[in-house]
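What you see below is based on every heavy atom in this structure, not just the backbone, and it leaves out hydrogens, waters and symmetry mates. So that the names make sense, note that chain A is the first sequence line, chain B the second, and so on, each numbered from 1.
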Amino acid sequence: MQTLQRNDRPFYAQRPQTVARQLLGMALLRRDEHGQLCGGWIVETEAYLAHGDSASHSHRGQSPRNASMFATPGTLYVYSIHAKFCMNVSTEAADIGSAVLIRAIEPAWGIETMSHRRGVAGTERRLTGGPAMLCQALDVTKQQDGQDLIASDTVWIATVANPPSFRLQRTPRIGVTSATTARLRYFIDGNPFVSGRRGDHSQTAFRRLHEDL
DNA sequence: ACAACGATACCCT
DNA sequence: GGGTATCGTTGTT
């Protein structure tokens, strides 16, 4: 395995836009109760802001549900939607209420285990190409809500020593019904595990431009 | 208890 | 690309 170094607190103590961008290419790792290690490379994220962001769960203030969003930066915030789960990391500082949603990873470790949990054959897009898919693949549920990514031995994020270069792409967020114009979605251009419209990738846009001629 | 919601995923065209 | 199944969670009686 590559040389990985777990992210420290100051990394998460930045504005969510910065954390969302810098998380791309980092390793998301999870060790379950059987000691089984799973994870992959983060390829798509979204920032949710503390102020002026009507799409953020923190928009109407703190509640028992979103408490982890207001916890120490680097705290895991897991919420449920459509009978599934999505995972975020709190950012900036405690009591602020900003976070980054991890929308997709490229599977790298424990692929057999993740495939089994997802009920898919192998390393295909449906394995971890969406926020609820990756949570199911990693067995991240409400049980992991509140975990501290700096100290937890069950879920954490790490930086690789020599990350490959990639092209960053930025678009509006997926699935939100308000604040739909802000470009707060970040992803690795061209990566097959990125969710949403394929046309958001510059290669596809380039190809389409030529087809239209 | 119960009803309504939803930062989804899947299946179908 | 669009319709909808699905159910954990939350807020309301």
Looking only at side-chain atoms of A83(A), point me to the closest of dT9(C), dA7(B), dC7(C). dC7(C)
Q143(A) has an atom CD; how far is it from atom P of dT9(C), in whole Å? 10 Å
Here the distance between atom C1' of dA7(B) and atom CD1 of I174(A), to the nearest Å, is 10 Å
Surrounding CD of Q62(A) (heavy atoms of other residues, nucleotides or ligands, distance under 6.0 Å), is the total greater than 12? yes
Checking T75(A) against D148(A): is there a side-chain donor and acceptor pair closer than 3.5 Å? no
Would you mind reading off the distance between N66(A) atom CG and dG6(B) atom C1', rounded to a whole angstrom? 15 Å
Answer with base, sugar-phosphate or nothing: what part of the nucleic acid does A132(A) contact at a heavy-atom distance below 4.0 Å? sugar-phosphate
Calculate, to the nearest 0.5 Å, the distance between atoms OH and CG belonging to Y48(A) and L184(A) respectively. 8.5 Å
S80(A), nearest nucleotide to its side chain (from dA7(B), dG8(C), dA9(B)): dG8(C)
Mark this stacking check for Y79(A) against dA7(B) as yes or no, applying ring centres under 5.5 Å and ring planes under 30°. no
Gap between atoms NE2 and P, on H82(A) and dC10(B) respectively (whole Å): 13 Å
Answer yes if the side chains of E92(A) and S98(A) hold a donor-acceptor pair under 3.5 Å, and no otherwise. yes
Using whole Å, report how far CG of N88(A) lies from C1' of dG6(B). 14 Å
So what does R173(A) touch, heavy atoms closer than 4.0 Å: a base, only the sugar-phosphate, or nothing? nothing
Winner on side-chain proximity to K84(A), out of dT9(C), dA7(B), dA9(B), is dA9(B)
Rounded to whole angstroms, how far apart are CD1 on I81(A) and P on dT6(C)? 17 Å
Check whether any side-chain N or O of K142(A) sits under 4.0 Å from OP1 or OP2 of dC7(C), and answer yes or no. no
Using the side-chain contact (heavy atoms from CB on, under 4.5 Å) definition, which of the options L168(A), T171(A), V43(A), I42(A) pairs with F187(A)? T171(A)
Specify the separation, in whole Å, of atom CZ of R126(A) and atom C1' of dC10(B). 9 Å
Partner nucleotide of dT4(C) by Watson-Crick or wobble geometry (both distances under 3.5 Å): dA9(B)
Checking all strands, does R118(A) fall into the base, sugar-phosphate, or nothing category for heavy-atom contacts under 4.0 angstrom? sugar-phosphate
Nearest whole Å is fine: how far is dC10(B) C1' from E124(A) CD? 13 Å
Nearest to the side chain of F85(A), which nucleotide is it out of dT9(C), dA9(B), dA7(B)? dT9(C)
